[in-house]
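Have a look at the structure below before the remarks.
Numbers for residues simply follow the sequence, beginning at 1. Counting convention: from 1, in listed order, for ligands and their atoms alike.
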Amino acid sequence: MKDGSQTNEHWGSRLGVVLAVSGSAVGLGNFIRFPGQATLHGGGAFMIPYLISLLIVAIPLASAEWALGRHGGRRGRHSPIGIYYEAGGRKPICGICGGLMIFTAYVIDMYYLVVESWCLVYALQYLGGLLKPIGLGFSIIPTIEPGLKLGSAEGYASAFDSITGSASDGSLFGSSTSIIVALVALCTFMNFWLIYRGISKGIERFCKMVAPLILLCSFFIVIRVLTLGNPTGEQGQSFLDGLGFMWNPQNLDKTLLDMDVWLAATSQIFFSTSICTSAVCTYTSYVKSKQDIALSSVTATMANEFCEVALGGLMIIPPAIMFLGAAAADNIGSSFSLGFVVLPNVFGEMPMGQFFGFLFFTLLFFSAITSSISQLQPAVAFLKETFRWSRQTSVLVAAVLVCAGTSFVCWFTAQFAALDTFDFWSANFTPFLCAIVQTFIISHIWGLENLKSELDRGAIVKLPSGLGKLIKYASLPYLVLIFGAWLFQNFGERVESLKTSRSAQISTLFLATIVVVLFVVSLATTLRWKKEEKEQISSNKEIQE
Ligand code: PFF
């Protein structure tokens, strides 16, 4: 069914869509969240649920989501509400589930933009330090030295506190740090500008431009890490000790019985590959109808895993252990500390650390933009499709709404109350629900036959025919089991923790309002589509008679 919101937009080439989906996947999740989560949840032991989830969930579901997206796109649907409506045999309930899925990517974007701007702040601080020897040094935050060479672990932690305003609510709006709020606004504007330019001229062109830059920066940093030797000469601080922290599973019994670890590992896979967040199906709905999606989906997933495990895993944990010892990694308080506190400390100790610090945070900044634009596109497509607005109006409204959420995160900064609440619901909790609904719709409503024929359409290499069965008989039970066990073991504790923070409660209320609005709009839209279909059928009948 086509309607007035139908778009003629398409990716310009196969490489373009692979780079855009990989760009969505490779981001802060690979270089900051993954090493942080692995360190917080037992290092090597975390990798076991992580790899199991990769094999059972991420690889099959990524291909299936590409298929769902293109199937919807071929019918003129580009937002998750339309895509799931089509896949679910035009049942309003499936459309509503798709509409609710937008929550995940959109809410992630509200805090992702803030973290993106921290990366820009760090990159600029290092640039100021790099230019210092020739007299051009500058610091965008007057209370922090250019170059972030701060000498002690406390110095780096307090610089991070100033940059994020984590000491008290509203402190970012003070005179010395208001530049950070301005940078958040700048990042938001850049993102919307790219979305406004469109799929091919905005998103695809930008991803093609920055992909070589991201690869080049990572290449230099990896070479630096591999050539560090044993910089302090201390026992237990060699490169192999660093690698061992990530790959030697220890305390297996304790770690593997904790459902929080399984939830964290599987959510990390969703966050990192961008699947089950509504971003991938939206992007792939713009793939041309006879273009390959089988090989492309596997290529994009593998490119992301390479960047996460091989590059992200190598760039952060091993140098932290080599310079600061295992204690530094053991004592991190949150998954951000590793990237924004421990790593700058490492750059402070490393020869040419200013240069590598600049390179690392520039890499993070650009990879974050290619991800954050993909978090916005589902909401823009949703507004276009549900309200039949033009792209310009949809982009404008989506921008205003995102700014509301981002302002929340910028204001309630004390102990990251808003950011943590947004992150928990959008990046840990709802991707699971989305994944369960998605696998259920694929297995029991859309059907494995349809999945196979969509994947085979235009395929350069056909995927194994058992993929659908893997989703139906392994991914779905696995997701239900992990999520059910986690709800039973840990959900109550999580709700209790909400009671202690007023900012977390306000943030939860804000998120609940988004869910209600999405539900009402999705319900109204799918009912309208149903009504239009009925009218269409009866007018066709009248013409025949
Ligand atoms: N995959 C991105 C990262 O690893 O940083 C984050 C992300 C992108 C999450 C798109 C959700 C999303 F819809």
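Outside the 6.0 Å centre-distance limit, the rings of Phe422 and Tyr106 are not counted as a close aromatic pair. Taking the ring centroids of Phe361 and Trp118, they lie at or beyond the 6.0 Å cut-off.
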List, one per line, each side-chain donor-acceptor pair under 3.5 Å for residues 16-27, sequence neighbours excluded.
from, atom 1, to, atom 2, distance (Å)
Ser22, OG, Val18, O, 2.6
Ser24, OG, Ser274, OG, 2.9
Ser24, OG, Ser374, OG, 2.8

Solution key, residues 210-220 side-chain donor-acceptor pairs under 3.5 Å, sequence neighbours excluded:
from, atom 1, to, atom 2, distance (Å)
Ser218, OG, Ile214, O, 2.6

Need the list: ligand 1 N/O atoms against protein N/O atoms, distance under 3.5 Å, rounded to one decimal.
from, atom 1, to, atom 2, distance (Å)
ligand 1, 1 (N), Ser24, O, 3.0
ligand 1, 1 (N), Ala25, O, 2.9
ligand 1, 1 (N), Phe271, O, 2.7
ligand 1, 1 (N), Ser272, O, 3.2
ligand 1, 1 (N), Ser274, OG, 3.0
ligand 1, 4 (O), Ala25, O, 2.9
ligand 1, 4 (O), Gly29, N, 3.3
ligand 1, 4 (O), Asn30, OD1, 3.2
ligand 1, 5 (O), Leu28, N, 3.0
ligand 1, 5 (O), Gly29, N, 2.8
ligand 1, 5 (O), Tyr112, OH, 2.5

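Evaluation of the salt bridge (Lys or Arg N to Asp or Glu O under 4.0 Å) test over residues 18-45, restricted to residues two or more places apart or in two chains, returns Arg33-Asp423.
In the displayed structure, Tyr196 atom OH is contacted under 6.0 Å by at most 12 heavy atoms of other residues, nucleotides or ligands.
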